[in-house]
Amino acid sequence: MLQQTPVVRVIPRLEAWLERWPTPADLAASPPGDAVRAWDNLGYPRRALWLHAAAMQIVERHGGAVPRDVDALLALTGIGDYTARAVAVFSFGDRHPVVDTNTRRVIARAVLGQGQPGPPHGRRDLAAMDALLPDDVAESTVVNAGMMELGAVVCVARTPLCDACPLRDACAWRAAGYPAYDGPTKAIQKAYEGSDRHVRGLIMRELRAAHTPVTDAEIATLWPDQTQRDRALAGLLADGLAVRSPTPDAPGYLLP
DNA sequence: TAAGCGTGGAG
DNA sequence: TCTCCAAGCTT
């Protein structure tokens, strides 16, 4: 849920989610569409599908217990470098480098003296964080958490609170006089308004609200451009976020 | 490797 | 208003 999503928006949804599905087996026993509906407007609904798939994999491969091994975690659908290590570190207390957007920003500033992190680079980012971790396992988990928290609360993207920062006397960026960032720029985010993502979002909102098949006519009311509509719907079908109604008497589209 | 993938809040 | 950005992942 936290992938590319602010913490404050996740918390209430997470609590409701865990009340309904306390274990992976509970989630795996529900249809994937229920997960997509409970996901509601958190964004990137594929994550709900992936989480459901991961729950099924955890039941099949690991007897319903979330694995502790990073490679086993990485093998789960929707679990990447960040999430796998976050689980291994924060749930199991093991020693691995956890690198998220906050960590990358703190390293860029405090260590490299740059105002912003460059584009993410998996191996290099992991190695950079690994070099900062103390050997002691318990201490390493605190450093992992501390780097993330510092980036989330103090060393924030827009207006960092440098005067209140516990690293102010050790920060390379501060020591260099806060030079403007001139390195490689991160990929520009395209406009959402009128994009395919926008149309997909409109269709998904309709599918989540409906408990009977959504017809082509209803989808047609959501967006004027048929070509773009068709492309969005085809994408949702390909992603498994929508399925065709199995009953000929009630044609249309449903959550899986 | 780079593009595609939602949504909403803050400055 | 508009731009940026938010505990990334997959193809």
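Quick note on labels: first sequence line is chain A, next is B, and so on, each numbered from 1.
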Spacing between [X] atom [atom1] and [N] atom [atom2], to the nearest angstrom:
X	N	atom1	atom2	answer
A/Leu49	B/dG4	CG	P	21 Å
A/Leu233	B/dC5	CG	P	14 Å
A/Asp81	B/dT1	CG	P	13 Å
A/His198	B/dG4	NE2	P	18 Å
A/Gln189	B/dA2	CD	P	17 Å
A/Ile203	B/dC5	CD1	P	12 Å
A/Leu51	C/dC9	CG	P	13 Å
A/Leu2	C/dG8	CG	P	8 Å

Determine the contact category for [X]: base if any of its heavy atoms lies under 4.0 Å from a base atom, sugar-phosphate if only primed atoms, P, OP1 or OP2 are that close, otherwise nothing.
X	value
A/Arg208	sugar-phosphate
A/Leu42	base
A/Arg9	base
A/Thr103	nothing
A/Ala86	nothing

Distance test, side-chain N/O of [X] to OP1/OP2 of [N], below 4.0 Å:
X	N	answer
A/Thr101	C/dA6	yes
A/Tyr192	B/dT7	yes
A/Arg105	C/dA6	yes
A/Asn102	C/dA6	no
A/Arg197	B/dA3	no
A/Thr77	C/dT10	no
A/Lys190	B/dG4	yes
A/Gln3	C/dG8	no

Output a table of donor-acceptor pairs, distance under 3.5 Å, between side-chain atoms of residues 146-174 of chain A and any protein atom two or more places apart or on a different chain; print 'none' if there are none.
| residue | atom | partner | partner atom | Å |
| --- | --- | --- | --- | --- |
| A/Arg168 | NH1 | A/Cys165 | O | 2.8 |
| A/Trp173 | NE1 | A/Pro179 | O | 3.0 |
| A/Arg174 | NH1 | A/Tyr178 | OH | 2.7 |

Q. Between A/Asp130 and A/Arg95, is the closest basic N to carboxylate O distance under 4.0 Å?
A.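 Salt bridge between A/Arg95 and A/Asp130, a charged N being under 4.0 Å from a carboxylate O: yes.
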
Q: May I ask you to say whether A/Arg85 pairs ionically with A/Asp81, meaning some side-chain N is under 4.0 Å from a carboxylate O?
A: yes

(Q) Hydrophobic clustering (ILVMFWY, side-chain heavy atoms < 4.5 Å, transitive) - are A/Tyr192 and A/Leu241 grouped together? (A) no

**Q.** Linked, directly or transitively: A/Trp223 and A/Leu237 (ILVMFWY side chains, under 4.5 Å)
**A.**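 Per the 4.5 Å side-chain linkage, A/Trp223 and A/Leu237 are co-clustered.
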
Q. Starting at the 5' end of DNA chain C and moving along, which residue's nearest nucleotide shows up first, A/Leu74 or A/Pro6?
A. A/Pro6

Q: With DNA chain B as reference, determine whether A/Pro45 or A/His121 sits nearer its 5' end, using the nearest nucleotide of each.
A: A/His121

Q) Where the side chain of A/Arg158 is concerned, which of B/dG9, C/dA7, B/dT7 is the nearest nucleotide? A) B/dG9

Q.
I'd like to know if A/Thr5 reaches the base of B/dG6 with its side chain, counting only an N/O donor and acceptor under 3.5 Å.
A. yes

Q) Taking atom C1' in both C/dT10 and B/dT1, what distance in whole Å separates the two? A) 13 Å

Q: Please list, chain by chain and in numerical order, all residues satisfying side chain to side chain contact (heavy atoms under 4.5 Å, CB included) with A/Gln4, sequence neighbours excluded.
A: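 With sequence neighbours excluded, A/Gln4 shows a side chain to side chain contact (heavy atoms under 4.5 Å, CB included) to A/Tyr44, given in chain and number order.
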
